[in-house]
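One structure below.
Note: hydrogens, waters and symmetry copies are ignored here, and every other heavy atom, side chains too, is used. Read the numbers this way: they start at 1 and go in the same order the structure lists the ligands and their atoms.
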Amino acid sequence: MERGAVFAGLHSNHLLSPLSSRASASTLSPSPLADGRHFCPPLLKLPSQSHFASYSNKQHFSSSIHVASPTSNATSESADIDWDNLGFGFMPTDYMYVMKCSQGENFSEGQLLRFGNIELNPSAGILNYGQGLFEGLKAYRKHDRNILLFRPEENAMRLRMGAERMCMPSPTVEQFVEAVRETVLANEKWIPPPGKGSMYIRPLLMGSGAVLGLAPAPEYTFLIYVSPVGNYFKEGLAPINLVVETEMHRATPGGTGGVKTIGNYAAEGAFCVRRSKKWLLIHCESAEYGDSCSSFRSVRIAEISLGPSARLWLVLKAQSAAKAKGYSDVLYLDSVHKRFLEEVSSCNVFVVKGNVISTPAIKGTILPGITRKSIIDVARSQGFQVEERMVPVEELLDADEVFCTGTAVVISPVGSITYIGKRVSYGSSGVGLVSQQLYSALTRLQMGLTEDTMDWILELK
Ligand code: COI
């Protein structure tokens with residue numbers, strides 16, 4: 001099959017025709033928090049950007065909150081950005097969704113707020129003990145201007161599983177899906193035109209209440225923000241080059257590798273260093289592990305006074321070191337035998353040999369990816385034999401193709417894998433046939449270009 005034909009759905013030249021502005025966001029008075037307390041005492045405040053609302057009001061999130069009516073789309077005019085050059089970088093949009101509850105209670109009512117920085121008590125559970133989860137899903141603009149979500153209830157259920165593991169309350173599936181729907185519609189103008197990318201939706205669930213001794217936080221915040229995105233890897237859809245990590249491990253049996261806890265993904269390019277009596281939080285938009293602070297290219301610094309219990313943001317060492325050597329990412333092995341494939345930093349992995357597609361079984365250390373699960377079903381429906389099992393690293397040497405799956409990466413073909421100094425390449429001319437075929441089937445479904453026989457798509461209009 002021709003590569004161009006397979007990827008045609010993603011490279012459409014179809015441009016979004018601007019719609020007339022619908023009802024715009026209205027300015028409403030803020031509602032007090034349900035428990036009458038502050039969202040967070042304003043003790044730690046990252047620098048706010050001038051066009052964002054800031055939340056420093058003593059009683060409420062904000063003294064004047066712009067709330068988008070859930071029944072009216074804020075505006076469906078397209079944002080004025082270069083849709084042809086989207087990468088996977090954060091771009092602020094108009095609104096975020098926030099819902100909170102106390103420990104032992106249930107989430108009840110959330111609201112859309114102007115997108116902006118949030119304030120957290122330095123003693124918040126998420127900052128001190130990593131009590132936090134995130135999710136990732138995408139919204140696609142269809143040619144008929146409808147907006148499509150891909151299996152949002154699966155994200156809701158995964159969040160609930162993770163919350164149970166992390167001792168946190170979580171929104172119901174219905175609350176989650178409704179919150180996603182409201183957030184996407186309020187930010188509709190940031191959804192890329194068909195074929196130009198997608199809107200990445202990032203739900204967060206965090207222990208926002210203050211703790212000092214190790215314990216579940218007394219208060220929780222569920223927050224959703226969105227950002228228009230293009231391809232995750234800088235290679236775009238071209239095959240990526242992986243290196244097998246033999247020393248460091250992503251997860252251990254009995255740990256949290258199987259849930260989407262923030263700690264599993266320790267921040268790349270975010271460092272905390274101690275300078276005299278202050279902690280400096282340094283954001284580096286482009287930095288390699290091992291760079292000295294002075295050599296960071298794009299740096300924003302917030303000086304924060306933290307107590308002695310403050311934790312460091314850790315650099316994801318293995319990935320940063322691999323990137324410094326020119327690899328796209330790291331493929332982790334299991335921590336017990338140091339022999340079986342686990343996952344790549346941000347995605348699951350599949351190995352193709354003939355008609356058999358193998359992927360590491362879900363057994364507690366591997367994230368149960370929604371794209372992983374979907375690709376297994378799509379592949380089986382296309383006649384492939386899919387095996388979920390322990391996959392020894394040696395099988396990479398003999399594979400026909402290898403590809404990765406994830407919400408952010410979608411399907412990323414692997415061009416080469418280096419294992420203990422030995423490099424194995426897959427396919428001499430670009431993307432393998434099986435990867436192409438599955439990529440095409442999945443993305444056409446996600447973008448509404450083929451009939452949704454699986455009942456996976458939620459249309460928002
Ligand atoms: C996703 O694929 O949605 C993820 O959450 C992975 C993240 C590292 C971008």
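- At a heavy-atom distance under 4.0 Å, no atom of Lys138 approaches ligand 1.
- Looking at Thr261, its side chain does come within 3.5 Å of a backbone N or O of Gly132 through a donor-acceptor pair.
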Are Phe350 and Ser358 close enough, and set up right, to give a side chain to side chain contact (heavy atoms under 4.5 Å, CB included), and what steps lead you there?
CA-CA 6 Å; Phe350 288 75; Ser358 306; over 6 Å; no

Side chain to side chain contact (heavy atoms under 4.5 Å, CB included) between Val226 and Trp190: does it pass, once the steps are laid out?
CA-CA 9 Å; Val226 297; Trp190 297 96; 5.6 Å; no

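- A salt bridge is absent between Glu135 and Lys260; no separation between the charged side-chain nitrogens and carboxylate oxygens falls under 4.0 Å.
- Checked against a 3.5 angstrom limit, the closest N/O atoms of Phe88 and ligand 1 fall outside it.
- Close approach to Phe134 involves these atoms of ligand 1, each under 4.0 Å from a residue heavy atom: 5 (O).
- Ser416 and Arg423 share a side-chain donor-acceptor pair at under 3.5 Å.
- Side-chain atoms of Gln437 do not come within 3.5 Å of backbone N or O of Val434 as any donor-acceptor pair.
- Listed by number with element, the atoms of ligand 1 under 4.0 angstrom from any heavy atom of Thr407 are 1 (C), 2 (O), 3 (O).
- When each atom of ligand 1 is checked for a heavy atom of Tyr232 under 4.0 Å away, the hits are 8 (C), 9 (C).
- Every atom of ligand 1 with a heavy atom of Arg202 under 4.0 Å away is listed here by number and element: 5 (O), 7 (C), 9 (C).
- Of the N or O atoms in Tyr200, one or more lie within a sub-3.5 Å distance of an N or O in ligand 1.
- By the criterion of a heavy-atom distance under 4.0 Å, neither the backbone nor the side chain of Glu135 is placed next to ligand 1.
- Distances from atom 8 (C) of ligand 1 to the heavy atoms of Ser346, Cys404, Ala408, Gly406 show the closest one on Ser346.
- Ion pairing between a basic and an acidic side chain is recognised when a charged N comes within 4.0 Å of a carboxylate O; Arg158 and Glu153 show no such pairing.
- When only interatomic distances are considered, the shortest N/O to N/O separation between Lys260 and ligand 1 falls below 3.5 Å.
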